[in-house]
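Okay, so here's the structure we're looking at.
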Amino acid sequence: GGVPLTGLTAYQSLFDAGRLKGGETIMILGASGGVGSLAIQLANWKGATVIGVAGSSNQDYMKDLGADYTIDYSKGDVGEAVDKIAPDGVDMIFHCSRGDSLAQSHDRLKEGGRLISITNSDPERRNDVQFQYVFVEPNAVQLAHLSELADSGTLKVPVSKTFKLDDAQQALQEIESLHTRGKTVITP
Ligand SMILES: NC(=O)c1ccc[n+]([C@@H]2O[C@H](COP(=O)([O-])OP(=O)(O)OC[C@H]3O[C@@H](n4cnc5c(N)ncnc54)[C@H](OP(=O)(O)O)[C@@H]3O)[C@@H](O)[C@H]2O)c1
């Protein structure tokens, strides 16, 4: 139950829109959230270097999922932190969070790089990078691939909390905080 929405969103953002390749560097803003948690692992599986960005309590969590480097957005300017990790910049930014992190770091995207966003914000545009907003679509072939990756243990779906259907309103309230870790799942 935790795979389809987050998995397909990450998959289509990284591989269809972003055309992420092994050897490239991707920075994921909001990497400890539902989509970001799967994006770290999919980028890792592809052989990319992964920089995960989230708050203090999620630094070890992102490393455990396979992030090569992590940045704590609450500890200072995200762009300056990127300079220490990737002085030549990053090939792709996957934007899955609100807040200032994108504004602080979007000029660390290499010329010709890809900025892929799933939030309905309107990020500052640069003429020398490719920008695409992704809205997830059903795709049985990709879902089967995600299922194989999950069955083989390559892809973990960190379920942080489950709620009974009667408590769905409380689940939605927690999700609206924009600080939940991993996936929230409703059970019958
Ligand atoms: N377009 C689509 O098809 C699609 C599909 C699914 C979701 N979405 C949207 O995508 C967004 C992400 O969804 P989600 O379920 O993955 O989110 P989520 O579970 O709410 O996670 C958001 C993550 O962002 C981090 N974060 C908060 N402020 C940040 C900042 N200033 N800089 C960097 N990271 C920050 C949080 O980490 P901390 O807790 O450590 O602060 C949290 O891990 C939501 O807006 C959702 O509505 C769009």
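Counting starts at 1 for both ligands and their atoms, in listed order. For this chain, numbers begin at 1 and follow the sequence in order. FYI, side chains are in, hydrogens and waters are out, and symmetry mates aren't considered; it's all heavy atoms of this structure.
- Remark: Y69 OH is loosely packed, at most 12 non-hydrogen atoms of other residues, nucleotides or ligands lying under 6.0 Å away.
- Linking Ile, Leu, Val, Met, Phe, Trp and Tyr whenever their side-chain heavy atoms come within less than 4.5 Å leaves V50 and I71 in two separate clusters.
- S160 places a side-chain N or O within 3.5 Å of a backbone atom of K183 that can act as its donor or acceptor partner.
- Of the listed options S13, G182, G30, G30 places a heavy atom closest to atom 23 (C) of ligand 1.
- No donor-acceptor pair under 3.5 Å is formed between the side chain of E137 and the backbone N or O of T9.
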Step by step, would you call T187 with T162 a side-chain hydrogen bond (donor to acceptor under 3.5 Å, both in side chains)? CA-CA 7 Å; T187 59; T162 59; 5.0 Å; no
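- At a 3.5 angstrom cut-off on N or O pairs, I175 does not count as close to ligand 1.
- Each of the following atoms of ligand 1 lies closer than 4.0 Å to a heavy atom of C96: 11 (C), 12 (C).
- Distance check on atom 33 (C) of ligand 1: some protein heavy atom falls below the 4.0 Å cut-off.
- Contacts of V136 with ligand 1, taken as heavy-atom pairs under 4.0 Å, involve both backbone and side chain.
- Backbone and side-chain nitrogen or oxygen atoms of L5 are examined, and none is located within less than 3.5 angstrom of a nitrogen or oxygen of ligand 1.
- Considering backbone and side-chain N/O atoms, V35 comes within less than 3.5 Å of an N/O atom of ligand 1.
- Checking side-chain atoms of Q41 against main-chain N and O of S37 turns up a donor-acceptor pair under 3.5 Å.
- No N or O atom of T119 sits closer than 3.5 Å to an N or O atom of ligand 1.
- In this structure, atom 21 (O) of ligand 1 is in close contact with the protein, since a protein heavy atom lies within 4.0 Å of it.
- Not a single heavy atom of R181 sits closer than 4.0 Å to an atom of ligand 1.
- With a 4.0 Å cut-off on non-hydrogen atoms, V134 touches ligand 1 through its backbone and not its side chain.
- Only the side chain of N58 comes within 4.0 Å of ligand 1, judged by heavy-atom distances.
- Under the side-chain hydrogen bond (donor to acceptor under 3.5 Å, both in side chains) rule, E24 has a single partner from R114, K46, R19, which is R114.
- With hydrogens and angles ignored, the 3.5 Å screen pairs a side-chain donor or acceptor of K164 with a backbone N or O of P188.
- Using the six-membered ring where Trp is involved, F15 and Y11 have ring planes that are perpendicular, over 60° apart on the 30 and 60° scheme.
- Summarising the contacts of atom 15 (O) of ligand 1 with A10, A54, G34, the nearest heavy atom is found in G34.
- Ligand 1 places these atoms under 4.0 Å from at least one heavy atom of G99: 31 (N).
- Contact atoms of ligand 1 toward Y133: 1 (N) (distance under 4.0 Å to a heavy atom of the residue).
- Taking the centre and axis of the six-membered ring of F131, the NZ or CZ atom of R126 falls outside the cone set by 45° and 6.0 Å.
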